[in-house]
Amino acid sequence: MSNEPIILIDNISKKYKNSSTYANENISLSIKPGEVFGLLGANGAGKSTLVRQIAGFVQPTKGNIKLYNFDLTKEPHLANQFVALQPQNIWLPAQTKPKELLELTGRLRGLSIIRAKEEAENFIEEFKLTEHIEKKLQELSGGLKRLVAIAVTLIGDRPIVVLDEPTNDLDPSIRRVVWKRIKTTAQSGRTVILVTHNVIEAEHTLDRVSIINKGRVLATGTPMELKEKFEQLLRLEITARPNTENDLAKILARWNTTVKIGESSFFLTVPKNEIEKTFSYLLPYMEQFQDFRIITTNLEDIYFELSGGERIEG
Ligand SMILES: Nc1ncnc2c1ncn2[C@@H]1O[C@H](COP(=O)(O)OP(=O)(O)OP(=O)(O)O)[C@@H](O)[C@H]1O
């Protein structure tokens with residue numbers, strides 16, 4: 001991996017017209033060639049706004065973004081040369097077949113006819129699209145359309161690939177194929193930026209990650225670095241017996257790290273040196289627990305911890 005950044009984001013802020021708040025505020029990041037860089041954050045945190053600026057679709061209100069040494073605020077059209085973006089809401093030409101679209105995109109990105117054909121065929125095989133090859137894109141399911149959109153983004157040699165929530169619509173087996181492809185894309189020296197909510201999966205794929213909340217970067221590092229930062233914490237996962245959820249929520253609300261997951265489960269994060277105190281407090285209420293586990297923290301906890309999660313009210 002080269003040490004020179006391919007993307008240099010220098011203190012950018014973005015406020016949309018007709019909006020009173022900043023969608024991005026004072027964000028600075030430096031991303032290298034060959035990195036898989038993740039942006040993690042709740043709905044509305046400002047992740048898509050950030051990647052849309054990297055792709056030159058919208059301009060920062062303040063600050064600037066450099067791709068290589070080109071200043072995108074001065075030459076926004078250059079983004080199109082360097083960046084391939086798969087937006088969250090994909091659009092594909094309805095009447096076209098998957099392989100035609102892939103070949104055409106490859107050609108438009110400067111591949112020779114032979115290479116465009118080869119790459120298109122590789123994607124069709126790898127993404128298990130062979131049996132759908134004769135279908136028009138409008139006939140494909142949502143997940144298959146998403147797969148084609150991912151392949152369209154990756155085909156060719158654009159040095160920066162941005163995937164905005166790529167695996168949301170995909171089933172687990174094909175998701176693994178996509179994550180693997182993302183890894184090999186980065187190993188070939190291209191940079192992949194991934195917007196995701198899928199914290200656990202992302203943990204195995206990302207080289208570095210920024211956690212974004214309310215337009216600001218709260219933390220940046222390797223998943224391991226962020227983990228170490230939080231290794232002094234343990235997570236308690238408690239599932240309530242039927243009809244005791246509300247009582248238990250009140251009890252657990254005493255910890256401001258408690259978040260509710262689903263109907264009856266709660267996660268709370270406590271420092272290791274407070275675990276005994278926590279146990280002695282919880283002991284009288286154990287009968288209300290259907291299930292109880294203690295685990296070391298992972299990136300998901302960090303995400304909840306830093307960005308607030310779905311906190312419960314006391
Ligand atoms: N075109 C727009 N005009 C005005 N406000 C916008 C526009 N696009 C996004 N916003 C606002 O900017 C903020 C950040 O939105 P953004 O889509 O960047 O968040 P996100 O982290 O990608 O969210 P999600 O995970 O839900 O996709 C939100 O408050 C959103 O309502």
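In listed order, ligands and their atoms are each counted from 1.
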Under 4.0 Å from any heavy atom of [X], which atoms of ligand 1 are there?
| X | value |
| --- | --- |
| T49 | 14 (C), 15 (O), 16 (P), 18 (O) |
| Q88 | 27 (O) |
| N43 | 23 (O), 24 (P), 25 (O), 26 (O) |

Heavy atom of the protein closest to [atom] (residue, atom name, distance):
| atom | result |
| --- | --- |
| atom 12 (O) of ligand 1 | A23 CB, 3.4 Å |
| atom 17 (O) of ligand 1 | S48 CB, 3.8 Å |
| atom 3 (N) of ligand 1 | Y16 CG, 3.5 Å |
| atom 25 (O) of ligand 1 | K47 NZ, 2.8 Å |

Looking only at the side chains, is there a donor atom on one of [X] and [Y] sitting less than 3.5 Å from an acceptor on the other?
| X | Y | answer |
| --- | --- | --- |
| N122 | E119 | no |
| T239 | S264 | no |
| N24 | Q53 | yes |

Check whether any N or O atom of G44, backbone or side chain, sits under 3.5 Å from an N or O atom of ligand 1, and answer yes or no.
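It does: an N or O of G44 is found under 3.5 Å from an N or O of ligand 1.
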Which of parallel (below 30°), tilted (30 to 60°) and perpendicular (above 60°) describes F279 and F292?
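Perpendicular, since the angle between the ring planes exceeds 60°.
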Parallel, tilted or perpendicular: which fits the ring planes of F123 and F127, with parallel below 30° and perpendicular above 60°?
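Because their plane-to-plane angle is over 60°, the rings of F123 and F127 count as perpendicular.
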Does at least one non-hydrogen atom of [X] fall below 4.0 angstrom from an atom of ligand 1?
| X | result |
| --- | --- |
| S19 | no |
| A42 | yes |
| G46 | yes |

Can you establish whether the number of heavy atoms outside K180 located under 6.0 Å from its atom NZ is more than 12?
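It does not: K180 NZ has 12 such atoms or fewer within range.
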Judged by atom type as modelled, is there a donor-acceptor pair below 3.5 Å linking the side chain of K99 to the main-chain atoms of I133?
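Not a single qualifying donor-acceptor pair exists.
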Are any non-hydrogen protein atoms located under 4.0 Å from atom 31 (O) of ligand 1?
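No, there is none.
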Step through it carefully: locate the ring centre of Y281, locate the ring centre of W255, and say whether they are under 6.0 Å apart.
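When the ring centroids of Y281 and W255 are compared, they turn out to be within the sub-6.0 Å range.
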